[in-house]
Amino acid sequence: MSKHIFITGGVVSGLGKGITGSSLGVLLKNSGLKVFMQKFDPYLNIDPGTMNPIEHGEVFVTFDGGETDLDLGHYERFIDVNLTKGSSYSAGRIYADALEIERQGGYKGKTVQVIPHITNLIKSKIYEIEKNNDYDVIISEIGGTVGDIESQPFLEAIRQIRMEKSKENVLFIHIALLPYLKISGEFKTKPIQHSVKEMLSLGLQPDIIVARSEFSFEDRLRDKISSFCNVPKENVIECSDSDSIYKVPLTIMKSNMHKIVAKQLNLKINKTDITEWENFVKNIDSSTEELEVCIVGKYVELSDAYLSVIESLKIAGYDLKHKIKIRWINARKLSNLNIEEQLVNAKGILVPGGFGEEGIEGKILAAKYAREKDIPFLGICLGMQIACVEFARNVLNLKDASSTEINPNTRNPIIDILEGKNTKKIGGTLRLGAYKTKLLKNTKVFKLYGEDYVIERHRHRYEFNNNYKKMFEEAGMVFSGIYEEKDLVEIIEIPNNKYFVACQYHPEFTSRPNKPNPLFKGFLSSIIENKQ
Ligand code: GLN
């Protein structure tokens with residue numbers, strides 16, 4: 001039977017519940033436990049797949065094709081476990097399930113209500129993971145902040161789980177803001193007290209309180225939080241801001257958070273060995289030399305829209321002892337008139353994924369600039385597609401070459417729709433999740449991965465049109481990765497350039513601390529070599 005840890009947030013959003021939960025996961029995993037993580041989001045979209053990245057940040061794709069919240073990326077990078085579609089539920093998905101059951105007569109004429117029907121469904125999603133696996137611990141984060149109307153059914157569900165399974169099997173962690181008032185020079189515990197009061201009114205007593213503060217606070221504040229919020233003093237965990245999210249496991253380890261958890265949940269843990277994680281953190285601290293990468297994207301207003309790309313660059317950078325600095329370039333504004341100025345001194349250009357027409361011409365210009373000036377280039381998903389369009393237009397001289405996503409009437413559809421896909425329905429109609437790519441020997445990517453086959457995750461609708469393959473090859477493009485079953489192009493590269501590599505899949509979802517995805521490492525290594 002798995003033990004359950006539920007994480008709630010208090011006072012304000014954006015305190016890093018996901019990071020704290022994952023950090024606890026790191027400590028428990030490195031104490032010999034099998035850990036899984038889950039996130040419940042209170043919004044009504046079925047999944048973030050159709051949400052605007054500028055609003056919601058990136059969509060993280062699980063290997064089984066789940067389009068999930070970006071926090072799952074943190075979970076995977078921290079606990080290094082492949083999560084699944086069952087790791088991410090929105091209120092919308094739960095309600096959609098309930099309505100489906102209702103339409104099929106599954107509620108046998110009963111009035112369908114939030115309690116018990118929605119709460120039962122939420123509980124079933126939590127128990128499902130437990131039933132079908134042998135995890136020691138399942139950490140579930142409840143998105144939003146305690147007090148939000150939307151999150152109430154989730155809080156009620158976890159209250160019931162605690163009642164059904166008791167305190168030895170279910171633990172509540174509440175992460176709340178401990179603000180510092182500059183004007184009076186003191187920390188204020190009142191918001192935490194109010195937040196816990198709010199939880200109590202819902203029948204939830206936190207077992208551990210993580211006080212998120214700007215900087216370290218005096219011990220007596222733990223006494224105060226302890227006495228006002230009914231938790232033992234040692235269960236008040238200090239978690240002050242850190243210059244890297246990857247240092248948080250070390251921060252909470254200082255307060256023995258994992259041991260407190262193990263004690264209450266009666267979990268036998270080994271001596272915690274986080275040497276590998278510590279080495280990674282040492283790498284972060286010794287990575288002092290800056291390395292600039294230009295990212296040409298259209299969601300540049302919100303860096304979270306490219307979260308896994310950024311983390312992958314950072315992780316690969318640390319591996320090479322470099323600290324990544326990003327120059328954001330808004331593809332929508334990039335034109336022939338300003339490209340020289342925008343990409344002046346660019347050492348490496350990355351064009352990430354994206355959807356729709358806007359910003360396409362800017363991205364095509366950036367790919368052309370990188371190819372012609374032999375600046376290391378990495379194209380991801382849409383980044384590969386536009387690199388192909390650029391090559392067709394400017395090397396093969398097919399001036400109207402395009403993707404049918406952008407110009408459905410082009411005479412040269414270099415990138416075209418997958419057959420049999422319904423384009424009208426936009427939710428859940430993409431090629432999603434893990435597929436196997438065969439790598440061509442004697443290519444850059446083969447050298448980088450060092451394997452015949454790699455499994456990477458996808459999220460796209462359009463593909464390279466094989467009718468053009470021969471022309472591309474004759475002009476010097478190499479198709480170095482193929483999805484054999486359907487003969488789809490997965491990777492392209494131009495061997496005459498220092499590093500011009502682009503892939504149809506998303507390599508950013510498989511980078512882990514100390515294990516950067518090879519395409520990112522190859523890209524950065526090439527920038528470094530180029531500098532020397
Ligand atoms: N819009 C492109 C497609 O659907 C690329 C998607 C992406 O970059 N994730 O194929």
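A quick note: this is a predicted structure, and the numbers were derived from the prediction, not measured. When a ligand or atom number is given, it counts from 1 through the structure's own listing order.
In this structure, the side chain of Arg212 does not engage the main chain of Gly14 through any donor-acceptor pair within 3.5 Å. Formation of a donor-acceptor pair under 3.5 Å by the Ser2 side chain with backbone atoms of Tyr135 is found in this model.
The side-chain tip of Lys39 does not point at the ring of Tyr75 from less than 6.0 angstrom away and within 45° of straight on.
Close approach of ligand 1 to His506 is summarised as follows: ligand atoms under 4.0 Å from at least one heavy atom of the residue are 9 (N). Within ligand 1, the atoms closer than 4.0 Å to a non-hydrogen atom of Gly353 are 8 (O), numbered from 1 in the order shown.
Among Glu405, His458, His460, the residue whose heavy atom lies closest to atom 2 (C) of ligand 1 is Glu405. The residue from Cys381, Pro352, Gly379 that puts a heavy atom closest to atom 7 (C) of ligand 1 is Cys381.
Put simply, no part of Gln504 is less than 4.0 Å from ligand 1, judged by heavy atoms.
Counting only heavy atoms of the protein, atom 5 (C) of ligand 1 lies nearest to Gly354 O, 3.3 Å. Closest to atom 10 (O) of ligand 1, if we only count protein heavy atoms, is Tyr462 N, 2.8 Å. Nearest protein heavy-atom neighbour of atom 9 (N) of ligand 1: Arg459 O, 2.8 Å.
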List the atom pairs, donor and acceptor, that lie under 3.5 Å between side-chain atoms in residues 359-369 and the rest of the protein, sequence neighbours left out.
from: Glu361; atom 1: OE1; to: Arg393; atom 2: NH1; distance (Å): 2.9
from: Glu361; atom 1: OE2; to: Arg393; atom 2: NH2; distance (Å): 3.4
from: Tyr369; atom 1: OH; to: Glu340; atom 2: OE1; distance (Å): 3.3

Please tabulate, for the side chains in residues 316-325, all donor-acceptor contacts under 3.5 angstrom to protein atoms that are two or more places apart in sequence or on a different chain.
from: Asp319; atom 1: OD2; to: Lys521; atom 2: NZ; distance (Å): 2.8
from: Lys321; atom 1: NZ; to: Asn283; atom 2: OD1; distance (Å): 2.6
from: His322; atom 1: ND1; to: Leu320; atom 2: O; distance (Å): 2.8

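In summary, Glu292 and Lys347 do not engage in a salt bridge, as defined by a charged side-chain N under 4.0 Å from a carboxylate O.
Heavy atoms of Glu463 found under 4.0 angstrom from ligand 1: none, in either backbone or side chain. Contact annotation: for Arg461 versus ligand 1, heavy atoms closer than 4.0 Å belong to both the backbone and the side chain.
Side-chain contact between Asn497 and Arg371 is present, with at least one heavy-atom pair separated by less than 4.5 Å.
When each of Asn409, Asn407, Asn412 is tested with Asp400 by the rule side-chain hydrogen bond (donor to acceptor under 3.5 Å, both in side chains), just one qualifies, namely Asn412.
When only interatomic distances are considered, the shortest N/O to N/O separation between Leu430 and ligand 1 does not fall below 3.5 Å.
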